[in-house]
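Counting starts at 1 for both ligands and their atoms, following the listed order.
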Amino acid sequence: MEACLKIKGGKMLEGEVEIAGSKNLCVALIPAALLSRDIVILNNIPMISDVENLINILRALNVTAKYCDGQLTIDSSNIKYLDLNMVEMTQLRASYYFYSVMLNLFSHLIAKPAGGCSFGKRPINLHLDAFTKLGVIYSRSDNGYEFNAQQLLGQEIVFPFSSVGATINAAVLALNCVGKTTIYNAALEPEVTELLLFLKAMGAKIENIGTSTLVIYGGANLHGCTFSNIPDRIEVGTYALIGASCAKRLRIKNVVLEHITSLLKIFDLLKIDYQIDNNDLIVKKTIPSGELSIKTAPYPGFPTDLQQPLTAYLSCGRAKIKLQEDIYINRFAHIKELKKMGANIKLHDNTLEINGVPSLKGTVVDGYDLRGGASLVIACLIADGESIVRGLKYINRGYDNIIYKLQKLHAAIELCQWESEL
Ligand code: EPU
């Protein structure tokens, strides 16, 4: 038996949705909170399985972590070294943030490789090169990594291209280096900027936050703090696309508009009916039409994490769209499923050619990754008839309370147990 979603498509949604805290920021904040022996309080932490896995890792390290109403209180005053061999390490991508944090605390670490959604190769060579440059010696075996960090010295790190994870891991390790580290071509995603602001709030000396050249001075004594997570811009984008797909009027609350500029640019080009009301985004159903070429890119470009939800929206209607995936060139597991529903999408190398069809039909579809799963939810909300979306465990990695939020918008969606064919 597998928990899945049963969706009866074709309903017009209406109402308000509250956006949860950012997944990709909180999964960096939680490990980084271990850098101080004081209590750290993190607000606006979403209840998603990535967070549950991180909390389990904290508890294994003898850290007290209490979660209540979105507030996570972390007390690592009694933290103890442990090889990070637990299965949770392989359940999410962001477990690699423990590498730099644990090296700062214990100068040594044996750890399993990070996991996360599988859409082709997701190397961490940039993280490892930065660690090596700062003085870490590591080896890789079938079971994972062994890291040793005896003499860490500030350096100049030049990333060949932008990486969220490598920027954060290099910046965190630089806090424990003697002297100054400069990181060139640092990632500009809001999650990176906010993580650096969190480190600063703990007492770290970091200059040029929000730019691609970061300067970090090692050796500061970090203290506790209270920090609030930002709204999840990918959840905003997902609900905005749900609104454009099938809502009479959907008010998305708690949006940082600056974080979704690239999405709104596409909404403008597609003439999607939306309005901004202070910090809320209001979206109404708009049948996609016109011709457009879109490419995913590092921030402030159009995010790869919305490529799959956008594909689902565009698959039904009259639009002819070329959508090029330039960050993860194999992030296309959703395409076979959308085709099962009647979508007309061709994949050439890393480019989708989407030709809108008049309608999609409900069926049983499989989500294989977080955003691919979300894209299938969108397609099933649009489709005629009943659908089952399997792979709910992937969706639960990153979408806080998705069933409740969609039910509140009057979607016909419910949890079900999958046993046999429909
Ligand atoms: N890359 C390398 N080597 C590295 C690191 C990255 O080749 O050492 C490549 C990647 O394969 C990719 C590109 O560089 O082609 C950018 O990857 P990045 O390192 O920025 O990705 P990440 O830090 O592993 C985070 C998010 C992803 C999001 C990407 C891009 C977290 C935990 N994950 O991943 O989120 O897609 O940035 O914005 O922050 C998701 O939320 O569904 C998700 C996958």
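Protein heavy atom closest to atom 26 (C) of ligand 1, with residue, atom name and distance, is N24 ND2, 3.4 Å. Among protein heavy atoms, the minimum distance from atom 41 (O) of ligand 1 is reached at R371 NH2, 2.7 Å. Nearest to atom 37 (O) of ligand 1 among the protein's heavy atoms is V164 CG2, 3.6 Å. Counting protein heavy atoms only, atom 3 (N) of ligand 1 is closest to N125 OD1, 2.7 Å. Counting protein heavy atoms only, atom 8 (O) of ligand 1 is closest to L126 N, 2.7 Å. Counting protein heavy atoms only, atom 22 (P) of ligand 1 is closest to Y96 OH, 3.4 Å.
Heavy-atom proximity to F161, at under 4.0 Å, picks out these atoms of ligand 1: 1 (N), 2 (C), 7 (O), 9 (C), 14 (O). For ligand 1, the atoms lying closer than 4.0 Å to a non-hydrogen atom of P123 are 2 (C), 3 (N), 4 (C), 5 (C), 6 (C), 7 (O), 8 (O), 11 (O). For ligand 1, the atoms sitting less than 4.0 Å from at least one non-hydrogen atom of H127 are 8 (O), numbered in the order shown with element in parentheses. Close approach to R331 involves these atoms of ligand 1, each under 4.0 Å from a residue heavy atom: 36 (O), 40 (C), 42 (O), 43 (C), 44 (C). Distances below 4.0 Å separate heavy atoms of L370 from the following atoms of ligand 1: 42 (O). Within ligand 1, the atoms closer than 4.0 Å to a non-hydrogen atom of S163 are 5 (C), 6 (C), 18 (P), 19 (O), 20 (O), numbered from 1 in the order shown. Listed by number with element, the atoms of ligand 1 under 4.0 Å from a non-hydrogen atom of R93 are 24 (O). When each atom of ligand 1 is checked for a heavy atom of I124 under 4.0 Å away, the hits are 4 (C), 8 (O).
K408 places none of its side-chain heavy atoms less than 4.5 Å from the side chain of E18. K80 has its side chain out of reach of L82: every pair of non-hydrogen atoms, C-beta onward, lies at least 4.5 Å apart. Side-chain atoms of L306 and R371, non-hydrogen and from C-beta on, never get closer than 4.5 Å to each other. When side chains are defined from C-beta on, L409 counts as touching L250, because their heavy atoms get closer than 4.5 Å. The closest side-chain heavy-atom distance from R140 to P113 is below 4.5 Å.
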Donor-acceptor pairs under 3.5 angstrom involving side-chain atoms of residues 255-265: please list them, not counting sequence neighbours.
residue	atom	partner	partner atom	Å
T261	OG1	E258	O	2.9
S262	OG	G301	O	3.2

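Remark: among candidates L195, N330, L25, D305, the nearest residue to atom 36 (O) of ligand 1 is D305, based on non-hydrogen atoms. The residue among Y299, Y97, F159, Y328 with a heavy atom at the shortest distance from atom 34 (O) of ligand 1 is Y328. In the candidate list T304, D232, T167, T304 is nearest to atom 30 (C) of ligand 1, counting heavy atoms. Between the choices L92, I168, I329, I327, the shortest heavy-atom distance to atom 15 (O) of ligand 1 belongs to I327. The heavy atom nearest to atom 23 (O) of ligand 1, out of those in G165, G373, A187, is found in G165.
Among the candidates I124, I168, V27, the single residue satisfying the side-chain contact (heavy atoms from CB on, under 4.5 Å) test with Y96 is I124. Screening K336, K393, R390 for a salt bridge (charged side-chain N to carboxylate O under 4.0 Å, His left out) with D366, the sole residue that qualifies is R390.
Close N/O approach between A94 and ligand 1 is not found [any backbone or side-chain N/O within under 3.5 Å].
Counting heavy-atom neighbours within 6.0 Å of N125 CG, excluding the residue itself, gives a total above 12.
How far CE of M47 is from CG of N396: 11.5 Å, rounded to the nearest 0.5 Å.
We find that D326 and K295 are not joined by a salt bridge, their nearest charged nitrogen and carboxylate oxygen being 4.0 Å or further apart.
Contacts of Y394 with ligand 1, taken as heavy-atom pairs under 4.0 Å, are absent altogether. Under 4.0 angstrom from ligand 1, the non-hydrogen atoms of K23 all belong to its side chain.
With sequence neighbours left out, F131 forms a ring-ring contact (aromatic ring centres under 6.0 Å, His included) with F147.
Taking the six-membered ring where tryptophan is involved, the planes of F106 and Y81 are perpendicular, since the angle between them exceeds 60° and thus also 30°.
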